[in-house]
Number of protein chains: 2
Amino acid sequence: MATISDVAKLSGLSKTTVSRVINNHPYVSDKKRELVLNAMKELGYTPNPSARRLRGQLTTTIGVIVPRIVNPFFSYLVNSIEQAAYKMGYQVLIGQSYEDKEKELAFLNLLKTKQVDGIIMTSIENDWDMIESYKEYGSILLCNDYVNQSEVPMIRLDQTKGAYLGVKHLIEKGHKKIAYCTGGLFDEQGKGKDRNQGFQKALHEAGIKINPKWIFVDQHTIEDGKQVMKQILEMEDRPTAIFTGSDEVAGGIMIQAKELGLTVPSDLAIIGFDDQPIAEILDPKLTTIRQPVDLMGEKSIEVMIEMLENPKLEIQNYELPIELIVRQST
Amino acid sequence: MATISDVAKLSGLSKTTVSRVINNHPYVSDKKRELVLNAMKELGYTPNPSARRLRGQLTTTIGVIVPRIVNPFFSYLVNSIEQAAYKMGYQVLIGQSYEDKEKELAFLNLLKTKQVDGIIMTSIENDWDMIESYKEYGSILLCNDYVNQSEVPMIRLDQTKGAYLGVKHLIEKGHKKIAYCTGGLFDEQGKGKDRNQGFQKALHEAGIKINPKWIFVDQHTIEDGKQVMKQILEMEDRPTAIFTGSDEVAGGIMIQAKELGLTVPSDLAIIGFDDQPIAEILDPKLTTIRQPVDLMGEKSIEVMIEMLENPKLEIQNYELPIELIVRQST
DNA sequence: TTGTAGGCGTTATCAG
DNA sequence: CTGATAACGCCTACAA
């Protein structure tokens, strides 16, 4: 591999001058600049990022933590982040936390050793204090997930509104017996609390009481959805509609419902979350809440790079639009 | 961030001794080793990978090129690669080529600058000669895609057999008018040639002639599948079954078929490829060819690390099993 | 068994 | 405008 010295030698100039050209510093005569540029081309020279990192320069690499890449929501998010980053000349290092604290910390450690300039976190596993302690080593940005007391930029959606819109839609369709299925818990705090609030708000407004038996927590996969449906079938008093925290769970419910001889939406109306590709594949097509994944990725990179270039940037939060997509399952 | 010098100072020893401990070299007395270990712990010391890279050491980072991460086949593949790598203490840098030669080369350049020890390519865009020229800078391994004249390890599947099994299954079901849908071309060479061969072989064995009108090339998405179905409907002489290069295209075909009032499989039998999650979501469930993605990822990492640790390793190819999963769409 | 010194490729500082 | 030099953190001949 050609080094800066090779370029210097070939062009008959010093490393310093070559470096100036590489980094677009002023005070280089056009002639010499030309000379250097030619030599660089001739040797196929690429600056060595390791050396730059060692010198304390930026790495032009951004880390992204996702719980699991096979979740379409996250693979689309990573996709848009990667594309936006590529356009800006940045690389993306991906890490899956698998909802494991250790893996998350291991990834955050990349900041310490200047392997990445910053990390975009799309989910949070450890306590915020723990994570915040890494801010000293590099930039951290939250995209999708968030915390209240944070001192980092956040790109987020109004999850409360998303759930509210969905449940209100069900109510408008005449449903009063509405079940709820979340990937988190049904607590005041903790995962999924915003959506919980939206759900409660919509019911409250319509004067409908929550039936605790119709609350399903910690549901994630298609398989989970199938199980939920089986549980519902066994109930004496069944819901007529169900709001779900993911298209996949909604899909599982729908598949199982059909298998059990129920008709969607007349026997059971179903609403998903994310507007993943399967929403249009399911039959009937799934009514769902769309999250603007592409926007989230672009914005995250935009803000991250701003932060990197201007470390004193004022911390801001960005809220992106979330909308209801009505299809046939409601 | 603490450096090796800090550890040396704190432990009252030299950098050399500390380095020896870090790298498990012999000739360090137990006492001093203890001393160093304590100092390391106290300072929360982590070796700086950039410095190591600069010194020409391994980076414990492996690059993976995929065409697009949102394709479930690749996101599952990346997932299994990442998991296997993590277990071995390696990091994974992901790049999307978007089937673009430039992007692919940009990623291969990471080898030149020792940013990654090796690269796993799951697809190939540039001419092989071009790619092979990067072998000088680091290890390259092919997983999924392959070339004939290659001098790198390949983890691959018998695509010919996959297509053959699928088409044969259709024939056994009594179909004689069989359409074919590929993501590549219908050439002797080029993308998808193996599956083409399997398709042809199965028909040939059954004495069935190929109808060129029923060959659809360069089809990738659900939307593509829908278009294919529309084209089929317009035909005077329609096929009764279709073999498809991806579950997504198959899904599009199925959705559109139902929309047009056709019944699957009685009006049209459909067979997919990959056994992605949507195969079970579609109604009727999709008969498809399963590719053992997890195995592919694990094996790729296993072989890559072997290669890294023993550069003189004999080049081997590995063929993994591929199987037909019969469901309801045929 | 331990330590000294030099260099990997880059850029900032300082002197011309 | 240009160039010599030191330093980033690590590893390894070589010396002791």
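A note on names: the letters A, B, ... follow the listed sequences, proteins ahead of strands, and every chain is numbered from 1. Here the structure is a predicted model, which means the values were calculated and not measured.
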Asks: Closest to the B/Lys15 side chain: D/dA6, D/dC8, D/dC11?
Replies: D/dC11
Asks: Roughly how many Å is it from CD1 in B/Ile22 to P in C/dT2, rounded to a whole number?
Replies: 15 Å
Asks: Just to be sure I understand the geometry, which residues of residues 34-51 of chain B put a non-hydrogen atom under 4.0 Å away from DNA chain C?
Replies: none
Asks: Can you tell me how far P of D/dC1 sits from CZ of A/Arg33, to the nearest Å?
Replies: 10 Å
Asks: B/Ser19 near the nucleic acid: base, sugar-phosphate alone, or nothing, with a heavy-atom cut-off under 4.0 Å?
Replies: base
Asks: Is it the case that the side chain of B/Asp117 and the backbone of B/Ile62 share a donor-acceptor pair, with hydrogens and angles ignored and the cut-off at 3.5 Å?
Replies: no
Asks: Using heavy-atom distances to pick each residue's nearest nucleotide on DNA chain C, tell me which of B/Thr17 and B/Arg55 is more 5'.
Replies: B/Thr17
Asks: Check whether A/Asp294 reaches the backbone of A/Ser80 with its side chain - one donor and one acceptor, N or O, closer than 3.5 Å.
Replies: no
Asks: Taking only residues two or more places apart in sequence, or in another chain, which ones meet B/Asn317 in a side-chain contact (heavy atoms from CB on, under 4.5 Å)?
Replies: B/Met154
Asks: Is the backbone of A/Glu104 close enough, under 3.5 Å, to the side chain of A/Glu125 for a donor and an acceptor to pair up by distance?
Replies: no
Asks: Which is true for A/Arg20 with a 4.0 Å heavy-atom rule: it touches a base, it touches only sugar-phosphate, or it touches nothing?
Replies: base
Asks: For the side chain of A/Thr16, starting at C-beta, report the closest nucleotide among D/dA4, D/dG9, C/dT11.
Replies: D/dA4
Asks: Given 3.5 Å as the limit, does a donor-acceptor pair link the side chain of A/Asn71 with the main chain of A/Phe73, or not?
Replies: yes
Asks: Determine whether the side chains of B/Asp194 and B/Tyr146 contain a donor N or O and an acceptor N or O closer than 3.5 Å.
Replies: yes
Asks: Within the side chain of A/Ser11, is there an N or O that forms a donor-acceptor pair under 3.5 Å with the backbone of A/Val7?
Replies: yes
Asks: Just wondering, do A/Lys87 and A/Glu298 contact through their side chains at under 4.5 Å, heavy atoms?
Replies: no
Asks: Any idea which of D/dT12, D/dG9, C/dT2 is nearest the B/Thr3 side chain?
Replies: D/dG9
Asks: When you check the phosphate oxygens OP1 and OP2 of C/dT2, does a side-chain N or O of B/His25 lie under 4.0 Å from one of them?
Replies: no
Asks: Report the distance from atom OH of B/Tyr137 to atom P of C/dG9, rounded to the nearest whole Å.
Replies: 13 Å
Asks: Output the rounded distance in Å from NZ (A/Lys9) to C1' (C/dG9).
Replies: 13 Å
Asks: Send over the distance from A/Asn24 CG to C/dT11 P, rounded to a whole Å.
Replies: 11 Å
Asks: Checking the side chain of A/Asn126 only, and the main-chain atoms of A/Ile131 only, is there a donor and an acceptor separated by less than 3.5 Å?
Replies: no
Asks: Which nucleotide wins on minimum distance to the side chain of B/Leu54, given the candidates C/dC8, C/dT11, D/dC1?
Replies: C/dC8
Asks: Is a side-chain N or O of A/Asn38 found less than 3.5 angstrom from the main chain of A/Leu35, in a donor-acceptor match?
Replies: no
Asks: Rounding to 10°, can you tell me the angle the first-five-pair axis of the helix from C/dT1-D/dA16 to C/dG16-D/dC1 makes with its last-five-pair axis?
Replies: 50°
Asks: Does a side-chain N or O from B/Lys32 land closer than 4.0 Å to OP1 or OP2 of C/dT1, or not?
Replies: no
Asks: In whole angstroms, how far is the C1' atom of C/dC8 from the CD1 atom of A/Ile4?
Replies: 14 Å
